Amino acid sequence: MTVTEIGIIRVHTGITDSTLRDTFSRAIAVQDAWHAHAFPDRPSSASARAVACFRGIDDETQILLITSWGSVEEHWAWILSDDNKQQMEGADLTKIIANQGPPNQPGGLILFHLDANIFGNDHATAGKDMIALLDSPVISVERFLVDTEKKESFAATLQKVKASMEKAVHPHLVRSGRSVDREAEGEEFVLVSGWSCVESHTQEFVASSQSFLYSQLAGIASSGETQHYRRFL
């Protein structure tokens with residue numbers, strides 16, 4: 001099952017887009033080469049694997065990294081590889097990354113996987129009049145924690161919300177997925193939408209009739225969080 005890696009890291013204040021672009025371009029090239037060696041029968045370029053990097057608009061120290069993987073196990077094979085360890089300990093990344101500690105622990109980066117190919121094949125499936133998520137000027141990433149007993153109700157409502165939001169965000173796209181990593185009680189769902197600007201989401205959509213159905217998600221979820229990002233690589 002193809003999964004989407006969601007990695008959220010912190011960088012030090014004052015790091016420029018140019019520095020981020022150069023640093024992560026080198027890191028991605030190493031991952032491309034590792035992937036080609038590990039899976040020689042599969043496309044390994046960054047574009048084929050929907051690799052992209054986004055910077056927070058609400059918080060510029062927050063970086064969103066996304067990649068499509070054939071499975072969670074494939075991604076962990078990369079994480080545990082010598083190539084990745086050398087990169088994570090190298091000067092390129094250590095001088096810009098503010099996180100310290102293991103993933104998903106206090107001070108560490110946030111890492112999880114969604115049970116859908118959120119960004120992959122966007123251009124093929126979007127249609128000629130649609131704007132792929134990777135090409136949207138702004139994307140929103142909305143994370144919802146849901147009690148286990150409410151997950152079916154939330155999932156059903158989420159599908160209705162997506163259908164409604166597709167009209168509101170047109171010609172941009174809306175995608176969703178569920179975290180396959182969650183070990184604690186409850187479920188995590190993620191809604192990713194493309195926008196022309198932040199205000200299209202926070203003002204125009206909120207004031208529209210479509211937002212009424214969306215508000216039901218917050219009523220079912222135990223907690224929610226929204227971040228806006230712009231792509232830099």
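Only heavy atoms go into these numbers, but all of them, side chains included; no hydrogens, no water, no symmetry mates. If you read the sequence from its start, that first residue is 1, and numbering goes on from there. All figures in this text were calculated on a predicted structure; none of them were measured in a lab.
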Enclosure of Lys151 NZ (heavy-atom neighbours >12, cutoff 6.0 Å)
no
Would you check if Leu191 and Lys162 make a side-chain contact, meaning some heavy-atom pair closer than 4.5 Å?
yes
Please determine, by modelled atom types, if Ser211 and Ser208 share a side-chain donor-acceptor pair under 3.5 angstrom.
no
At what distance, to the nearest 0.5 angstrom, does NE2 of His37 lie from NE2 of His35?
12.5 Å
For His228, is there any backbone N or O sitting under 3.5 Å from a side-chain donor or acceptor partner on Asp58?
yes
Over 12 foreign heavy atoms within 6.0 Å of CD, Glu199
yes
With the side chain counted from C-beta on, respond yes when His170 and Met130 share a heavy-atom pair under 4.5 Å apart, and no when they do not.
yes
Val3/Leu114 under side chain to side chain contact (heavy atoms under 4.5 Å, CB included): CA gap, chis, key distance, verdict
CA-CA 5 Å; Val3 297; Leu114 300 178; over 6 Å; no
Checking Ser44 against Asp32 for the side-chain hydrogen bond (donor to acceptor under 3.5 Å, both in side chains) test, could you report, in this order, the C-alpha distance in whole Å, the side-chain angles of both residues, the deciding distance, and whether it holds?
CA-CA 6 Å; Ser44 294; Asp32 287 348; over 6 Å; no
Please assess Phe54 against Phe232 for the test ring pair (Phe, Tyr, Trp, His ring centres under 6.0 Å), listing each intermediate value before the final yes or no.
CA-CA 6 Å; Phe54 297 80; Phe232 67 86; 8.1 Å; no
Closest heavy-atom pair, Pro103 versus Leu111, reported as atoms and distance to 0.1 Å, is CB-CB, 4.3 Å
Taking Arg231's backbone N and O only, do any of them form a donor-acceptor pair with Arg55's side chain (distance below 3.5 Å, no angle check)?
no
Any Ser193 side-chain heavy atom under 4.5 Å of Met165 side chain:
yes
Is Met88 reachable from Leu80 through a run of hydrophobic residues whose side-chain heavy atoms are each under 4.5 Å from the next?
yes
Note, Thr157 side chain near Tyr214 side chain (heavy atom, < 4.5 Å)
no
Closest non-hydrogen atom pair between Gln87 and Ala27, with its separation
OE1-CA, 2.8 Å
How long is the straight-line distance from CG of Asn104 back to CZ of Phe112, given to the nearest 0.5 Å?
8.5 Å
How far apart are the closest heavy atoms of Leu65 and Cys53, and which atoms are they?
CD2-SG, 3.7 Å
Whether the Ser45 and Ser47 side chains hold a donor-acceptor pair (N or O, under 3.5 Å, no angle test) is what I'd like checked.
yes
What I want to check is whether the side chains of Thr23 and Asp92 have a donor and an acceptor closer together than 3.5 Å.
no
Rounded at 0.5 Å granularity, tell me how far CZ in Phe144 sits from OG in Ser222.
11.0 Å
Ser136 to Gly194 - nearest heavy-atom pair and separation
OG-CA, 3.6 Å
Just verifying a value: how many Å separate Thr67 OG1 and Ile6 CD1, rounded to the nearest 0.5 Å?
9.0 Å
Does some side-chain heavy atom of Ile66 sit less than 4.5 Å from a side-chain heavy atom of Val51?
no
Testing the basics here: between Ile28 and Ala46, what is the closest heavy-atom pair and its distance to 0.1 Å?
CG2-CB, 3.7 Å
Does a donor on one side chain sit under 3.5 Å from an acceptor on the other, for Glu74 and Trp69?
no
If you round to the nearest 0.5 Å, how far is CD1 of Ile63 from CD1 of Ile9?
6.0 Å
Linked, directly or transitively: Leu158 and Phe205 (ILVMFWY side chains, under 4.5 Å)
yes
Got a salt bridge between Arg178 and Glu187, using NZ or NE/NH1/NH2 to carboxylate O under 4.0 Å?
yes
Does Glu149 offer a backbone N or O that forms a donor-acceptor pair with the side chain of Asp147 under 3.5 Å?
no
Within the structure provided, determine whether Leu20 and Val11 are in side-chain contact (heavy-atom separation under 4.5 Å).
yes
Is there a side chain to side chain contact (heavy atoms under 4.5 Å, CB included) between Ile57 and Val138 once you walk through the steps?
CA-CA 9 Å; Ile57 296 174; Val138 172; 3.8 Å; yes
Under 4.5 Å between side-chain heavy atoms, hopping through other hydrophobics if needed: is there a path connecting Trp78 to Leu109?
yes
With side chain to side chain contact (heavy atoms under 4.5 Å, CB included) as the test, would you mind laying out the steps for Ile139 and Leu64 before giving the verdict?
CA-CA 11 Å; Ile139 64 167; Leu64 171 69; 4.0 Å; yes
Under a 4.5 Å cut-off applied to non-hydrogen side-chain atoms, are Phe24 and Leu93 in contact?
yes
Sequence neighbours excluded, the answer for salt bridge (charged side-chain N to carboxylate O under 4.0 Å, His left out) partners of Glu60 is Arg230
Quick one about Asp83 and Ser81 (side-chain donor to acceptor, distance below 3.5 Å, no hydrogens or angles considered), yes or no?
no
Side-chain donor-acceptor pair present, Ser140, Trp195, cut-off under 3.5 Å:
yes
Does Tyr229 reach the side chain of Ile8, with side-chain heavy atoms less than 4.5 Å apart?
yes
So, Gln31 and Arg49: side-chain donor and acceptor under 3.5 Å apart, yes or no?
yes
For the residue pair His113 and His75, does the interplanar ring angle fall in the parallel (under 30°), tilted (30 to 60°) or perpendicular (over 60°) class?
perpendicular
Count the heavy atoms of every other residue, nucleotide or ligand shown that sit under 6.0 Å from CE of Met1, and state whether that count exceeds 12.
yes
If you look at every heavy atom in Leu133 and Leu173, which pair is closest and at what distance?
CD2-O, 3.5 Å
Hphob cluster co-occupancy, Ile131 + Val169, side-chain heavy atoms under 4.5 angstrom:
no
If hydrophobic clusters are built from ILVMFWY residues whose side chains come within less than 4.5 Å, do Leu134 and Ile118 share one?
yes
Treating Thr94 as the side-chain partner and Gly90 as the backbone partner, does any N or O pair qualify as donor plus acceptor under 3.5 Å?
yes
Going through the distances and angles, do Arg143 and Leu145 end up as a side chain to side chain contact (heavy atoms under 4.5 Å, CB included)?
CA-CA 7 Å; Arg143 302 173 62 193; Leu145 295 182; 5.9 Å; no
Rounded to the nearest 0.5 Å, the CD atom of Gln62 sits from the CD atom of Gln227 at a distance of 4.5 Å
